[in-house]
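Worksheet: the structure to be examined is printed underneath.
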Amino acid sequence: MKYSIIILLLAISSSCHRTNSNDANNIFIGKTIRVNDFPQTLTLQGEHLPISSLGANNIYIIDTFLVFLSYQTDTFYSIYSTNNHKHILNVLPKGRGVNELEHASSPLFYKTSSNSTSIFYSNRGRSTINELNITKSIQSKTTYIEDRGIDISIQPEIKGAFPLNDSSLFYHYFNFESCNEYYSIYNFRNKIFIQKDSIYKAPLTNAGHILFWNNFSCFNPQQLKYATAMQFLNQINIYTLQQKQAISIVYGNISNFKNVVECPMPEKYVYYIELISTNKLLFGLYANQTRKDWATKDNLSTEIHVIDWNGNPKYKLITREKLADIAIDEKHKILYGMTQEEKVYLYKLPQLEL
């Protein structure tokens, strides 16, 4: 019986581990680019900030604001100043009333003008994208949501959305009927899709939901490019909207899709757990651990992969702190990191051309 158990454990470990698959095993449409190393490795020195955002899960830079998303408090967003790191306001209370939200939503995008800053987020309960006006919220000392919203009931399973003009969005969504995902252009005024491109080579039948939802996305409005980093597949994907061209950047080995699907969750490998961007660069927070190890081991440093929007490797950044989330202040060349214990660190990036 002892030997049978050992054999079974070895079989599970083998099926879960990364495999050196060929490029044909990449389920994404487009070209696969292998990255074996980075031109430069930089170790960053962190400065611990006296910020206490109870229950924070994610951290974002929105213009001059540091925004924390939390599931454990009465409000979903906590807003701080990037100038002095002081707390300003809590917004988006939980509930079903006016200016309340049933479920937490990460910011999809934001806009600024000479006198206003707003966050746009997905309200899944109402199948809309709504605008939280930060400036008016601070002025009124309460949550201020603009009346207008973007109706996305046509395809509510949203994974990413970014404005192209006053009537259209770049819209990344999953369709349950076709079991595929799409990069699309959606005219929200006429409620029609102007463009729709499949992401996968074939429908993801019998794959469960785990891979559908676990990616992190960025959009480059200057280059009209969209990027996603996969949590359970070892790759970052970049899509060029105008040319309809897609590439996948793989650091090391390509994940075997069948093995990933069949692997038990505690032993499933976690690769990218966040993706953020500037106009020139993408920053992927890289775990490269089983879910169990990433959740339980405390003596891990953090690896951040930096590539440009063409998929070229630039830097590997190392922090001595084990970070669970990152955000970047492009203007001041500062990287913010947050640990699982909700400690916030500041890292200066003077040598990077952002």
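With values rounded to the nearest 0.5 angstrom, L233 atom CG is found 10.0 Å from N215 atom CG. With values rounded to the nearest 0.5 angstrom, N133 atom CG is found 8.5 Å from S140 atom OG. For the atom pair CG (L224) and OH (Y239), the distance works out to 10.5 Å, reported to the nearest 0.5 Å. In this structure, NE2 in H305 is found 9.5 Å from CG in L285, a value given to the nearest 0.5 Å. Taken from NZ in K94 to CD in E102, the straight-line distance is 12.5 Å, to the nearest 0.5 Å.
K258 meets the salt bridge (Lys or Arg N to Asp or Glu O under 4.0 Å) test with E262; sequence neighbours excluded. The side-chain hydrogen bond (donor to acceptor under 3.5 Å, both in side chains) check on N123 picks up nothing, with sequence neighbours excluded. Residues meeting the side-chain hydrogen bond (donor to acceptor under 3.5 Å, both in side chains) test with N115, sequence neighbours left out: S113. In terms of the salt bridge (Lys or Arg N to Asp or Glu O under 4.0 Å) criterion, residue partners of K280 (sequence neighbours excluded) are, by chain and number, E353.
T278 contributes a side-chain N or O that, together with a main-chain N or O of L354, makes up a donor-acceptor pair within less than 3.5 Å. Judged purely by atom type and a 3.5 angstrom limit, S198 has no side-chain atom pairing as donor or acceptor with the backbone of Y200. Side-chain N or O atoms of K292 include none that pairs as donor or acceptor with a backbone N or O of K297 at under 3.5 Å. In this structure, the side chain of N220 does not engage the main chain of K225 through any donor-acceptor pair within 3.5 Å. With hydrogens and angles ignored, the 3.5 Å screen pairs a side-chain donor or acceptor of D308 with a backbone N or O of N312. T339 contributes no side-chain N or O that, together with a main-chain N or O of L323, makes up a donor-acceptor pair within less than 3.5 Å. Between the side chain of S81 and the main chain of N83, a donor-acceptor pair closer than 3.5 Å is present. A donor-acceptor pair under 3.5 Å is absent between the side-chain atoms of K322 and the main chain of T302, judged by distance alone.
Using modelled atom types, one finds a donor on one side chain and an acceptor on the other under 3.5 Å when comparing Q195 with D197. Under the 3.5 Å distance criterion, with hydrogens and angles disregarded, no donor-acceptor pair is assigned to the side chains of D151 and T128. For the residue pair Y226 / H172, a side-chain donor-acceptor distance below 3.5 Å is found, with atom types taken as modelled.
Between L132 and T143 the shortest side-chain heavy-atom distance falls below 4.5 Å. Side-chain atoms of I249 and L282, non-hydrogen and from C-beta on, never get closer than 4.5 Å to each other. Side-chain contact between F176 and E157 is present, with heavy atoms from C-beta onward closer than 4.5 Å. Here the side chains of F170 and F219 are in contact, with some heavy-atom distance below 4.5 Å. L44 places none of its side-chain heavy atoms less than 4.5 Å from the side chain of I318. L241 has its side chain within reach of L164: a pair of non-hydrogen atoms, C-beta onward, lies under 4.5 Å apart. Contact check for P313 versus P39: side-chain heavy atoms found under the 4.5 Å cut-off. Side-chain contact between Y271 and Q231 is absent, with no heavy atoms from C-beta onward closer than 4.5 Å.
Using a 4.0 Å cut-off between charged nitrogen and carboxylate oxygen, K136 and E146 count as a salt-bridge pair.
Both I194 and Y171 belong to a common hydrophobic cluster when Ile, Leu, Val, Met, Phe, Trp and Tyr are linked at side-chain heavy-atom distances under 4.5 angstrom. Residue I185 is grouped with residue F109 when hydrophobic side chains (ILVMFWY) are merged at heavy-atom distances under 4.5 angstrom, including chains of intermediate members.
Between I59 and the options I326, I276, I51, D325, a side-chain contact (heavy atoms from CB on, under 4.5 Å) holds for only D325.
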_Run T290 and V270 through side-chain contact (heavy atoms from CB on, under 4.5 Å) and show every step you take._
CA-CA 6 Å; T290 66; V270 175; over 6 Å; no
*Can Y182 and Y173 be said to form a ring-ring contact (aromatic ring centres under 6.0 Å, His included), step by step?*
CA-CA 6 Å; Y182 297 92; Y173 69 93; 5.4 Å; yes
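When all heavy atoms of S122 and I158 are compared, the closest pair comes out as OG-CG2, 3.5 Å. Of all heavy-atom pairs spanning N279 and Q222, the tightest one is OD1-OE1, 2.9 Å. Nearest approach of Y345 to G46, heavy atoms of both residues: CD2-C, 4.3 Å.
The aromatic rings of Y121 and Y77 lie perpendicular to each other, with more than 60° between the two planes, well past the 30° mark. Taking the six-membered ring for Trp and thresholds of 30 and 60 degrees, F188 and Y186 have ring planes inclined between 30 and 60 degrees apart. The aromatic rings of H87 and Y80 lie perpendicular to each other, with more than 60° between the two planes, well past the 30° mark. Taking the six-membered ring for Trp and thresholds of 30 and 60 degrees, Y272 and Y286 have ring planes inclined between 30 and 60 degrees apart.
Heavy atoms from other residues, nucleotides or ligands lying under 6.0 Å from NZ of K316 number more than 12. Other residues, nucleotides and ligands contribute more than 12 heavy atoms inside 6.0 Å of the CG atom of N84. Counting non-hydrogen atoms of other residues, nucleotides and ligands closer than 6.0 Å to CG of D74 gives a total of 12 or fewer.
Residue pairs satisfying the ring pair (Phe, Tyr, Trp, His ring centres under 6.0 Å) criterion with at least one member in residues 306-337, sequence neighbours excluded, are listed as follows: H85-Y336. For residues 130-157, there are no ring pair (Phe, Tyr, Trp, His ring centres under 6.0 Å) pairs, not counting sequence neighbours.
Residues Y251 and F38 bring their aromatic ring centres within 6.0 Å.
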